[in-house]
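Each chain gets a letter, A, B and so on, in the order its sequence line appears, and its residues count up from 1.
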Amino acid sequence: MLDKTYDAQAVEARIYDAWEQSGAFECGRSDGRPYTIVIPPPNVTGSLHIGHALNNTLQDILCRFERMRGRDVLWQPGMDHAGIATQMVVERQLAEQGIKRRDIGRDDFVRRVWEWKAQSGGRITTQLRRLGASCDWRRERFTMDDGLSRAVLKVFVRLHKEGLIYRDKRLVNWDPKLRTAISDLEVENREVDGQLWYFRYPLADDPSRHVVVATTRPETMLGDTAVAVHPEDERYRDIVGRDVLLPLADRRIPVVADEHSDPEKGSGAVKITPAHDFNDFEVGRRHDLPMINILDADANLNDAVPEPYRGLERYEARKRVVADMEALGLLEKVETQRHAVPYGDRGGVPIEPWLTDQWYVDAATLARPAIDAVERGAISFVPRTWEKTYFEWMRNIEPWCISRQLWWGHQIPAWYGPDGTVFVEEDEAQAQEAAQAHYGRDVELVRDEDVLDTWFSSALWPFSTLGWPDRTPELARYYKTDVLVTGFDIIFFWVARMVMMGIHLMEEVPFHTVYVHALVRDEKGQKMSKSKGNVMDPLDLVESYGADAVRFTLTAMAAQGRDIKLSEQRIEGYRNFGTKLWNAARFAEMNGCLPVAGWQPAAATTTLNRWIVDRLAAVAADVTEALEAYRFNDAALATYQFTWGTFCDWYLELAKPVLNGEDGPEKAETQACCAWALGQILHLLQPLMPFVAEELWARLYRPILQEEGWLMHRAWPDAAALPRAPQAAAELDWVIALIGEVRALRAEMNVPAAARIDMIVNGADAQRQDWLTRHDEAIRRLARLEQVTTDGPVPSGAAQLVLGEVTVVLPLANVIDLEQEKRRLGKQLDKLGGDIAKIEGKLGNASFLSRAPEHVVEEQREQREQAQATVARLRQALARLG
RNA sequence: GGGCGAUUAGCUCAGUUGGUAGAGCGUUCCGUUCACAUCGGAGAGGUCACUGGUUCGAGUCCAGUAUCGCCCACCA
């Protein structure tokens, strides 16, 4: 016998272990078409946050759904080595012991990162298990493991030989805290209150005149190599081509005319620092200006600046420059201004545009077929609106800077000869060979120190995890994958790059569908992130309410294209739903509603049983359709409402008289049907609330059916194969409406809940009389009635209600307030009168009649008739009150 | 500055092809009926942000306005 309440904590861990140990999640069944999802690999440093919980719940739902539909499901798990994040974690740990990365050297450091990974990395995979994720853990991969590293090298070498990877010296986003380049995507612009300084630059040949330039970054003036004005700016026309004397540095720099200069901004003249500003870099190229790099890797001023400034930290230098300019009388004014400052998203300090040699991917070339794939529908986004975002970014894509000055990551397979010639090969031996061929002798080669952007290896994830570059059977079977489930925040970082790499290297898109789910935000609508410290811990919620409840909540809230704000109350509600289901099962168990092997729903004969089969067919169809369309919230809502609102509230209640009654064929059928229906509910719920569904199946079904195996491997309900029963549905709808009306009337009349009263039903036709007889006991029980009769006289002081063609009379002689009852009926008449007037307005409208579709017009006519009939009966009822 | 999205019940949110608004929670009233008080029954509560348009008919389509949010660009 089941306990009174369901103990999720006790059950969930046990079931998960049993699933995993029995190989329940493993791919490879040969009798089904493959269905593949690759997990967005969480960072090895990561722990499960609410966004992961949502992301993986949705993937798990799809996998479990398709598994039950007979597909050979591979949910490919794994983790990302998360270059910067992981290096930071280990560096921080070392710092606690007073050790600096550079003190111990690269090899030792990398060894310690691996040690860290072995000890404390990958906690998230345990947490995903706690959530119920049905990944094939045998196949877990790590972006730094041997196979994937080999794939990375292979791709790098190939793209290099194809000219799609190249080395270039240009401005990059430099994170001076982490001392590495980062990509455009890793830069986060923050609005800050800053100041705008107006400096006077004297003309070289006429120091009495000066040009005023405005800047938010005074320290960079030491690297200025020009002043630009707009070619059509009259104010400055006469000084174009002349020189100004750059103060503090005492250098002559030219005034150039360039469209970049905006006469509306600042003074209209702008200082040009080609080595430290992306726009100025372009201006510098156009005018062939020198580029003076004034910063070192820590963003301190270097030896290119005059002596007093050398070695100063960049913000110290700013103060000094401003003070010195002011002392020289060259500071015209200072304004405060709010402006954006680019920060590194990991390091958290302002980045510097810095001139360095880096490796780049020619993203524009790779993007073309990737754009095409979405345009021609080989890949579609759900919801579709994200395709715009994708196109927008892809069509304006910039070269992707992939080198990072870190130690943790895939070291770039490039070796330099003595004269700087670069040899890109998969290993040193091949590089040597290439060098030999080039130089005609053995030379000393030095390997590039840099590692690759983490996202470079993630871009290969859909095929590298399947064994590429080897032609493995798994690669042949499971690529391309089916659906990629992700948040929109990594469409650029990851999705776009997987598409580019997949098409280029596999000659096939990596997936046909990208499902973009909402982002879970905090109460302020901010994106949750570790750096902001506003993360929620879903594991606490799992501890309190169970994984099923957390999963179901996220699913119910996963409407397309919306942000999710999670509320704990909601989770509590769905925890209660689990309890409700549990108790319904307990009721079934107590009433002998045990599964009957081979029982077919077509065998149902009573209206009640035929009705629940009919309803089940409808909900199974709804849930299936919703999941096929990725409308997860609809799937959750439909199962919830059916289970609670239809099965528990009505089917079980209406079945009680039968189940409490004499043994016989009707009872036996109802017991079997009830068990069957509950079993179907468990099937429908399995993807959403897998633990409680599996537990109930194991406790109540498996032993009796004597079938081995898990619920999660059973066949998904086939809605189309279930018999429908519209007549039974009409009958039960009426009975339910009748009970509802009586209950409402009782409440309104303040009839004590325990009081059993009589009911007279007038005007019922033979069919309805039949229905009343058939469900007599249930109606009396649920509406708390003593006796139900038909076609009786209306006693004085009776409450009356009209339900379609029948008038229901509740004799309440001593309870009822005659005037109140008159008012009540009058109010109903008023409302109906209003409805009728509205309908007649429509039906009296010639263009409505001629233009609205026939069925809409007909519907209106029927509604009018019904309302009019009800009005007539209400009037009679009113008349009877005297 | 460019783009996207949101605005529906006290709160959090659904509402797929246009046909007189729904859920959960909260709230009010009633309830110790033998599955469940993590429950049962009943109710109150919305001029669907605003303005205009298309249409027989608009929460739903179009345009504009307001407010909020996000993404991209912008260190004069």
Side-chain angles (χ1 to χ4, degrees), chain A residues 2 4-6 184 189 192 194 196-198 212-217 220 261-262 264-271 276-279 337 339-342 350 353 385-386 388-389 392-393 396 488-489 491-492 519 521 524-527 545 553 556-557 559-567 569-570 572-591 625-626 629 631 633-634 637 640-641 648-649 652-653 656 660 740 743-748 750-754 781-782 784 835 838-839 842 845-853 855-857 859-860 863:
Chain A
L2 298 175
K4 200 165 166 183
T5 51
Y6 168 62
D184 299 341
N189 287 303
V192 297
L196 188 59
W197 287 271
Y198 287 76
V212 175
V213 294
T215 181
T216 56
R217 304 208 48 199
T220 63
S261 181
D262 181 350
E264 303 294 316
K265 282 189 183 171
S267 63
V270 59
K271 59 194 273 312
H276 296 289
D277 180 285
F278 290 100
N279 287 316
Q337 181 180 293
H339 60 97
V341 176
T385 168
W386 290 108
K388 278 189 212 161
T389 307
E392 178 63 21
W393 189 69
N396 298 295
F488 60 81
D489 53 330
I491 289 178
F492 303 148
L519 224 54
R521 296 177 184 278
K524 290 177 220 148
Q526 297 251 301
K527 180 179 162 183
Y545 302 101
T553 307
M557 298 180 82
Q560 291 178 2
R562 272 271 234 180
D563 295 340
I564 293 180
K565 285 187 223 164
L566 200 60
S567 97
Q569 272 188 335
R570 193 92 186 242
E572 197 180 323
Y574 290 124
R575 187 270 320 266
N576 296 352
F577 174 56
T579 307
K580 184 74 182 178
L581 173 72
W582 184 262
N583 275 290
R586 186 162 173 265
F587 171 84
E589 185 186 31
M590 291 168 73
N591 285 278
E625 198 185 329
R631 291 200 310 265
N633 56 321
D634 286 348
L637 194 71
Y640 180 94
Q641 286 182 337
C648 291
D649 287 351
L652 292 185
E653 293 301 334
K656 276 177 182 176
N660 291 337
R743 280 170 168 175
L745 185 55
R746 289 178 58 118
E748 195 171 353
N750 292 314
V751 177
R781 177 195 172 88
L782 296 177
R784 307 290 301 155
D835 289 351
K838 230 173 178 175
I839 295 171
K842 276 192 193 177
N845 183 339
S847 48
F848 173 73
L849 293 178
S850 61
R851 297 190 190 228
H855 76 273
V856 173
V857 177
E859 214 172 86
Q860 292 294 316
Q863 277 180 17

Subject >> Which residue lies more 5' along RNA chain B, comparing A/Y6 with A/A214 via nearest heavy atoms >> reply: A/Y6

Subject >> Selected nucleotide, minimal atom distance to A/F587 side chain, candidates B/A14, B/A35, B/C74 >> reply: B/A35

Subject >> B/C50 to B/C36 separation - P atoms, rounded to the nearest Å >> reply: 48 Å

**OP:** Would you confirm whether A/R746, through its side chain, and A/R784, through its main-chain N or O, come within 3.5 Å as a donor-acceptor pair?
**Re:** yes

Subject >> A/K838 NZ: over 12 foreign heavy atoms closer than 6.0 Å >> reply: no

Original post:
According to a strict under-4.0 Å criterion, is A/Q337 in side-chain N/O contact with OP1 or OP2 of B/A76?
Top reply: yes

Original post:
How would you label the contact of A/N396 with the nucleic acid (heavy atoms, under 4.0 Å): base, sugar-phosphate, or nothing?
Top reply: nothing

Polar pairs (N or O, both sides) under 3.5 Å between protein and nucleotides 17-20 of chain B?
{"from": "B/U20", "atom 1": "O2", "to": "A/K838", "atom 2": "NZ", "distance (Å)": "2.9"}

**OP:** From the options B/A35, B/C4, B/C72, select the nucleotide whose nearest atom is closest to the side chain of A/T385.
**Re:** B/C4

**OP:** Using a heavy-atom cut-off of under 4.0 Å over every strand shown, decide if A/S261 touches base, sugar-phosphate, or nothing.
**Re:** base

Original post:
What does A/Q641 touch in the nucleic acid at a heavy-atom separation under 4.0 angstrom: a base, only the sugar-phosphate, or nothing?
Top reply: sugar-phosphate

**OP:** Give one of base, sugar-phosphate or nothing for A/E653, where a contact means two heavy atoms less than 4.0 Å apart.
**Re:** base

Original post:
Reading nucleotides 41-46 of chain B from the 5' end, what letters show protein touch, with B for base, S for backbone sugar-phosphate only, - for no heavy atom under 4.0 Å?
Top reply: SSS---

Original post:
Do the side chain of A/K580 and the base of B/C36 come within less than 3.5 angstrom through a donor-acceptor pair of N or O atoms?
Top reply: yes

Original post:
What is the nucleic acid contact for A/R586, judged by heavy atoms within less than 4.0 Å: base, sugar-phosphate only, or nothing?
Top reply: sugar-phosphate

Original post:
Nearest to the side chain of A/R570 - B/G24, B/A76, B/A35?
Top reply: B/G24

Subject >> Under the ring pair (Phe, Tyr, Trp, His ring centres under 6.0 Å) test, residues paired with A/W197 that sit two or more places apart >> reply: none

**OP:** Specify the residue among A/G573 and A/L652 whose closest nucleotide of RNA chain B lies further upstream toward the 5′ end.
**Re:** A/G573

Original post:
So what does A/V270 hit on the nucleic acid, given a heavy-atom distance under 4.0 Å: a base, only sugar-phosphate, or nothing?
Top reply: base

Original post:
Looking across every strand, which nucleic acid part, if any, lies under 4.0 Å from A/R784 by heavy atom: base, sugar-phosphate, or nothing?
Top reply: base

Original post:
For A/E392, which contact category applies under a 4.0 Å heavy-atom criterion: base, sugar-phosphate, or nothing?
Top reply: nothing

Original post:
Nearest to the side chain of A/N576, which nucleotide is it out of B/A76, B/C39, B/G5?
Top reply: B/C39

Subject >> Spatial distance of atom CZ (A/F488) from atom OG1 (A/T385) [nearest 0.5 Å] >> reply: 11.0 Å

Original post:
ring pair (Phe, Tyr, Trp, His ring centres under 6.0 Å) with A/F577: which residues, sequence neighbours excluded?
Top reply: A/F552, A/Y640

Original post:
Base, sugar-phosphate alone, or nothing: which one does A/D262 contact when heavy atoms must sit under 4.0 Å apart?
Top reply: base

Original post:
Reading RNA chain B 5' to 3', how would its secondary structure be written in dot-bracket notation, given Watson-Crick and G-U pairs with both distances under 3.5 Å, brackets [ ] for crossing pairs and | for partners on other strands?
Top reply: (((((((..((((.....[..)))).(((((.......))))).....(((((..]....))))))))))))....

Subject >> Check: B/A35 base within 3.5 Å donor-acceptor of A/K656 side chain >> reply: yes

Subject >> Gap between atoms CD and C1', on A/E572 and B/U12 respectively (whole Å) >> reply: 15 Å

Subject >> Partners meeting ring pair (Phe, Tyr, Trp, His ring centres under 6.0 Å) with A/Y545 (sequence neighbours left out) >> reply: none

**OP:** Answer yes or no: is there a side-chain heavy-atom contact under 4.5 Å between A/R586 and A/N583?
**Re:** yes

Original post:
Can you find an N or O donor on one side and an acceptor on the other, under 3.5 Å apart, linking the side chain of A/R781 with the base of B/U33?
Top reply: no

